Asker: 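Let me begin by handing over the structure; questions about it come next.
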Amino acid sequence: MKGFLTVLFLIPFFCSAAGLQQVTIVSKDKQIAAQVLQEEVQRRTGLTWPISNKMPENGPVIVFNSIKCAPESYHIRTTIDKKRQIIQVDGDGTRGLLYGAGYLLRIMEYRQQQVTLPDILNVDASPEKVVRGHQIGYRHLANSYDGWTPEQYEQYIRDLAIFGANSIEAIPFMPPSPHFHLSSMDMNARISGFCKKYDLDFSVWTPATFDLKDTAKRTHYLLQFDTLFRQATRLDAVFFPGGDPGNNPPQLVIPLLEELSIALKKYHPKARIWLSLQGYNPDECAFVYSYIHQHMPAWLGGIVVGPSSPSLEDTRAALPSTYPIRHYPDITHTVRCDYPVVWWDPAFAMTLGREPVNPQPLYYANIYRFIAPYMDGFISYSDGAHDDINKMVWSMLGWDSRADVREILIQYSSFFFGAAFREDAADGILALEKNWDGAIADNGGIEATLLLWQKLEKEHAELATNWRWQMCLLRAYYDAYTRKRAIREAALETAVNRTLLEGGDAIGRAEKILKQADEVIMPQWRNRIVALCDALFKSVALQTSVAKYQAAGPERGAVLDFLDRPLNNRWWLEDKFRYIRTLPETAQRKALDTIARWENPGPGSYYDAVGNISKSPHVVRTEDLHTDPLVRRSDAPGFDWWESGYSRKRLSWMVSLRWPSAMRYDHLDTTAQYVIRVTGYGESLLRANGVRLTPGLYNKGIGEGKEFAVPPALSKTGTLLLTWDSIDEEHLNWRQHSRVTEVWLIKL
């Protein structure tokens, strides 16, 4: 943080055995910062620090003083007067003082009846970004927020502020959820009140998911806003997404927003409307920019850049400089999103899915630093409590993009878990992120991460009901359990393939091998995962199952439902076996040989499941996340979500690349003939050593094959480099885009 002076000596705020020496909090204006400091210290230590409007005659004090200085900034100094320690916190109004209190709370060391602070504090801090917020919408699509009480919402808003956030975005007009404690309108009114209490900006995300030419629905939509505007004690912004969801052209959207701005100004004169261009084509974007340049609307707060928007760079270039840009980063999802886990092992993608507990502090910090120059701030997209660490990291980076990530995690661990083991907990969080690096079978660190968290779990039983603690434990157990299953089930499928090449009742023997996976591996780990899921539902309403906890859908964080999902091709094999049994004997033998040799095409031939980091040795990986953090120039495997995650298709068909940057084969037989076989979807414009190949077989369906003969002259050097010509398919939904799943180089 700017102006931070490192100190080495610590003086504890505690007294001798005779009694507790109180710290007096001095706040002449009854600042909320003083209340937050008092309550959070008491919650962690049992100490009750009195708040006074005047200086006591003796004893250590923390003094809050509102001054005119840079927006939201604070300044903290330690002095010694009459042999007592005085910590002076000067801040820019309510916010500056709140952030000053937050800084103290993050660096304090908490123990029972004891708090420790540095001997000398000399801190000056101002935020780099003017908007630093998070969307925490009260709706059933979120995997936890809809089960929160008003008290939980207030505490979470306070926690976000302590870590530097200044904006909270809600989602009104939501239908009832089975988890609701209040109606959508009532809860959003409460959230507005909490933002007023802590002097945080309050924003609402309000898409139009109907045709704006429908006048009746349009009128009803505007009437809802009138109620919202009247009930909100504070409202600073209305965010209208052009798409995702919604599918209305800007020619209809802008008149709507102009009309909406009149009612907004009536109740909240300083509030503004923000518009995203999500889903707009180039002509529609040009229309919006032209309108802004021509009219310079006063009601427009700025442009939001979110998923499927024009890039931050392009938006900044097209937008008048007087209008700010707010990013809408997706730091909540792992797949099928703006910032997917790159080269995630399919074993995780098929079980943890799109919304697991997902601390990725280093990855998201790298992204933040890369895009920070193009944005004036951010309000992140969030679908639940599972991304809590990511939100805290981004909040802190909004103050100082150079902040050390591990230090942020140390402060996080100290504040939420305890100072005595804050570094171990911070390293444990970093280890959880490393669990997702590389092939799951090769990552022996996954079990080491679990051992670390098991040690902390055993030593700190007092945290058993802490939901942040529970989430870290859940991930540690889940990752290790999934790795054990992935290794065993891969071995079982290898055994099945060997068996299928033998005579007799090969199918019967293969089915018995597959059923060995029914025996639970590491049952104590599995039982702990189930228990933690139950504990998280009770503590923070985390809905890890559709059936058990009424999650909105399998993709909405229902990791418990996929805990035992096959990590090999068991389901596909079982279906194939049923079909093969209906064939004549000779056809059965041929079909079984095809299955057995699927990934082992024979000497001198090669197989790649191109999006599977465990099975793609010939895929050329270009840049890494340090040079290409937004994965614009690199390969990023995708994971299809067929049948809500329960598809019985071959797993390799659900893992794809748009097409690999390249595939390279060396040390080939220079005298042999080769054929390339490809599965995927749609088109596949293939080149070998730069020469476009002509297909002899060209099926376009999922799991269907394409074949390309390689002219002998191309392989005579012993090296083949396969590349794909790009195709413009932007007019199609991304689900209809062409992609590659498997590639064979077959030696004839």
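A quick note: this is a predicted structure, and the numbers were derived from the prediction, not measured.
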Asker: Under the side chain to side chain contact (heavy atoms under 4.5 Å, CB included) rule, what do L542 and W467 come out as? Steps first, then yes or no, please.
Answerer: CA-CA 9 Å; L542 190 69; W467 63 267; over 6 Å; no
Asker: Can you confirm whether N247 is buried at CG, in the sense that more than 12 heavy atoms of other residues, nucleotides or ligands lie under 6.0 Å from that atom?
Answerer: no
Asker: Taking atom CD of E585 as the centre, report whether more than 12 heavy atoms of other residues, nucleotides or ligands fall under 6.0 Å from it.
Answerer: no
Asker: So does K747 get a backbone contact from the side chain of S605, meaning a donor-acceptor N/O pair under 3.5 Å?
Answerer: yes
Asker: I'd like to know if R570 pairs up with E511 as an ion pair, taking the criterion as any Lys NZ or Arg NE/NH1/NH2 lying under 4.0 Å from an Asp or Glu carboxylate oxygen.
Answerer: no
Asker: Has the side chain of E742 got a donor or acceptor atom that lies under 3.5 Å from a matching backbone atom of A609?
Answerer: no
Asker: Under 3.5 Å, is there a donor-acceptor pair between the side chain of N443 and the main chain of N435?
Answerer: yes
Asker: Could you pull out all residues at least two apart from Y481 that satisfy side chain to side chain donor-acceptor pair (under 3.5 Å)?
Answerer: D564
Asker: What verdict does the side chain to side chain contact (heavy atoms under 4.5 Å, CB included) test give for W436 and Q360, after you've listed the backbone C-alpha separation in whole Å, the side-chain angles of each residue and the deciding distance to 0.1 Å?
Answerer: CA-CA 10 Å; W436 290 352; Q360 298 179 85; 3.9 Å; yes
Asker: Could you check whether Y364 and W394 have their ring centres less than 6.0 Å apart?
Answerer: no
Asker: Would you mind telling me which of L686, L657, L685 makes a side-chain contact (heavy atoms from CB on, under 4.5 Å) with W724?
Answerer: L686
Asker: Is NZ or CZ of R621 both nearer than 6.0 Å to the six-membered ring centre of W343 and within 45° of the ring axis?
Answerer: yes
Asker: Which value, rounded to the nearest 0.5 Å, describes the distance between I580 atom CD1 and D575 atom CG?
Answerer: 11.0 Å
Asker: After noting the C-alpha distance and the side-chain angles of W598 and N497, does the key distance pass the side chain to side chain contact (heavy atoms under 4.5 Å, CB included) rule?
Answerer: CA-CA 9 Å; W598 193 282; N497 291 334; over 6 Å; no
Asker: I'd like to check Y681 versus E704 (side-chain heavy atoms, cut-off strictly below 4.5 Å). Are they in contact?
Answerer: no
Asker: For W572, is the NZ or CZ atom of R648 found under 6.0 angstrom from the centre of its six-membered ring and inside 45 degrees of the ring axis?
Answerer: no
Asker: Determine, for Y698 and K706, whether the Lys NZ or Arg CZ falls below 6.0 Å from the six-membered ring centre while staying within 45 degrees of the axis.
Answerer: yes
Asker: I'd like to know if the side chain of Q543 and the backbone of A541 have a donor-acceptor N/O pair within less than 3.5 Å.
Answerer: yes
Asker: Does the separation of the ring centres of F562 and Y646 fall below 6.0 angstrom?
Answerer: yes
Asker: Applying the side-chain contact (heavy atoms from CB on, under 4.5 Å) criterion to E355, which one of V335, T334, D383 satisfies it?
Answerer: D383
Asker: Salt bridge or not between R528 and E457? Use side-chain N to carboxylate O under 4.0 Å.
Answerer: yes
Asker: For H667, is the NE2 atom crowded, meaning more than 12 foreign heavy atoms sit under 6.0 Å from it?
Answerer: no
